[in-house]
Amino acid sequence: MKNKLFPLIAFLLAFAFILISCGKDDDDNTPTIVSVVNVTLNQADTTLGINDVLILTATILPNNATNKTVSWESSDTTVVTVANGKITAIAQGSAIITVTTQDGNKTATCAVTVDTITVTSISLNQRTVALVEGATHTLTATIFPVNATNKTVIWTSSNTNIATVTDGTITAISVGSTTIIATTQDGSKADTCSITVTMPNRCNINTPGWGSSLGIVSFATTTQRTIFNDSITQIWSDAVRTTNCNKTNFAGGSFGNFNADCRSNPDHPGDLFSWCAIIRFQDQLCPGDWRVPTRQDFIDLDIVMGGTGSNQTDSAHLVQYIGTDVNQWAGTYGGFCYLDGSLSNQGSYALYWSQADESAGHGGSLYFTSDGYVNPRDWGSKFYGFTLRCIR
């Protein structure tokens, strides 16, 4: 009997062993859950100005935790709101930002204080502007720091009979000079711009031939020249040219008016403009944050490049104007254009308009010649055609 039971018992034991082994394999395939033990934030406290935004980053420990889902909460949403770690300052006050893990309810906090950021200074994009009667021009004020809470600017004119100003836009009223003042409401910080208004009939704008627009304006090349020293930095464009300007031959009247705004200069980049066109269309000719240079810009340029800021003859200094190395101006001897449209002194004279109003018939310019003469305070007939390079 015992001999008959032995094979059956052996079979049952082997089957049980197989079942136990299979059970162990199933246990080994069960995913391991790694629980969250802690959460931290990249900042424990911070101070923001109203409307400032800050991104908080939550770090889950251990790094291989299975469930890294977190939720965000602000203790006072009227002061600070939070969404996926992005906090936005709403109003003055304080609040606690809390991040909580879904696994284990682990938390970390950041104390946020929202306060006003006071204005430290204000800067205008221009120091001087020349306008003709009836013309308008817009100044841009930059507040520092850029995240100041109250950026309100109060605009005033020292003489509203000469020019008025509204939200930075100047309107020229009559001939004379005035000062535009931009003052911050916060802290009463101020900056100024000197305005000169001249008579529009000095440029004979009612004479047939003047246009109402110069069309598309561009620079002859995309090259920009940065001229600087320890105290002055200037960025200059290449020469200016347009696509909608009467560039044919010109017939000057008894007083001359260039009979149009500009003419092409076939042997050199850029067009030749009358000073009157420069002033009438300076917002078009120098688009964006570029502007027509002032006489002081040319004086500063000359000083930065080693000159005296006045007329001089120095061939070595002239190299700074025509050279193309870093911190050289890369000017060209474009010559100029007479009242009848004829070209003169190309290859030997360089004349560049400024916005300086020298007299009824003359505008300020920069002038240099191939024999070494340089004068950043020069002038020329308002109705001759000179080259224009813009500055910013």
Side-chain angles (χ1 to χ4, degrees), residues 202-205 207-211 213-221 223 225 236-282 284-286 292-293 298 311 313 318 321-324 329-356 358-359 361-390:
R202 289 181 178 179
C203 289
N204 294 344
I205 62 174
T207 302
W210 286 107
S213 171
L214 295 183
I216 299 174
V217 176
S218 63
F219 301 136
T221 74
T223 302
R225 310 295 299 179
W236 291 88
S237 75
D238 200 350
V240 171
R241 58 188 177 188
T242 74
T243 60
N244 186 29
C245 191
N246 182 8
K247 300 178 184 179
T248 59
N249 292 326
F250 301 91
S254 58
F255 183 57
N257 73 322
F258 206 52
N259 199 37
D261 302 305
C262 71
R263 70 150 294 162
S264 59
N265 193 353
D267 296 330
H268 291 271
D271 294 332
L272 296 171
F273 300 90
S274 67
W275 184 90
C276 300
I278 294 291
I279 298 306
R280 292 175 61 238
F281 296 111
Q282 59 180 301
Q284 292 182 34
L285 286 170
C286 293
V292 176
F298 282 140
N311 59 314
T313 300
L318 180 65
Y321 279 96
I322 62 174
T324 57
W329 203 59
T332 58
Y333 297 118
F336 65 95
C337 178
Y338 285 114
L339 297 179
D340 62 0
S342 61
L343 299 173
S344 176
N345 288 289
Q346 289 184 296
S348 59
Y349 285 16
L351 299 104
Y352 291 85
W353 283 125
S354 77
Q355 57 179 263
E358 185 72 27
S359 66
H362 298 90
S365 68
L366 163 68
Y367 172 59
F368 57 89
T369 64
S370 57
D371 59 2
Y373 179 78
V374 177
N375 188 357
R377 303 170 183 256
D378 203 60
W379 49 268
S381 169
K382 290 180 177 179
F383 314 108
Y384 284 5
F386 289 0
T387 308
L388 171 65
R389 285 176 73 174
C390 299

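Note that the structure is predicted; figures quoted are calculated from it, not measured.
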Can you find a pair of side-chain heavy atoms, one from Phe298 and one from Asp378, that are under 4.5 Å apart?
no
For Ser237 and Arg389, the nearest pair of non-hydrogen atoms, with its separation, is O-NE, 2.7 Å
Applying the ring pair (Phe, Tyr, Trp, His ring centres under 6.0 Å) criterion to Tyr321, which one of Phe368, Trp236, Tyr333, Tyr367 satisfies it?
Phe368
Do Tyr352 and Trp329 have ring centroids that are under 6.0 Å from one another?
yes
What I'd like to find out is whether the side chain of Ser370 reaches to under 4.5 Å of the side chain of Ile322, using heavy atoms alone.
no
For Trp379, does the CH2 atom have more than 12 heavy-atom neighbours from other residues, nucleotides or ligands under 6.0 Å away?
no
With sequence neighbours excluded, what pairs up with Gln346 under the side-chain contact (heavy atoms from CB on, under 4.5 Å) test?
Asn265, Asp267, His268, Leu343
Would you find a donor on one side and an acceptor on the other, under 3.5 Å apart, between the side chain of Lys382 and the backbone of Glu358?
no
Between Ile278 and Phe386, does the side-chain contact (heavy atoms from CB on, under 4.5 Å) criterion hold? Intermediate values first, please.
CA-CA 10 Å; Ile278 294 291; Phe386 289 0; over 6 Å; no
To the closest 0.5 Å, what do you measure between CG (Leu366) and CH2 (Trp353)?
12.0 Å
Leu318 and Asp371, any side-chain heavy atoms less than 4.5 Å apart:
no
So, for Gly335 and Leu272, which heavy atoms are closest and what is the spacing to 0.1 Å?
O-CD2, 4.2 Å
Counterpart residues, side-chain contact (heavy atoms from CB on, under 4.5 Å), relative to Ser218 (two or more places apart)
Arg241
Any luck finding a side-chain donor-acceptor pair between Thr223 and Asp238 under 3.5 Å?
no
Side chain to side chain contact (heavy atoms under 4.5 Å, CB included) with Ser344: of Tyr384, Tyr349, Phe336, only one passes, and it is Phe336
Side-chain heavy atoms of Trp275 within contact of Ser365, under 4.5 Å:
no
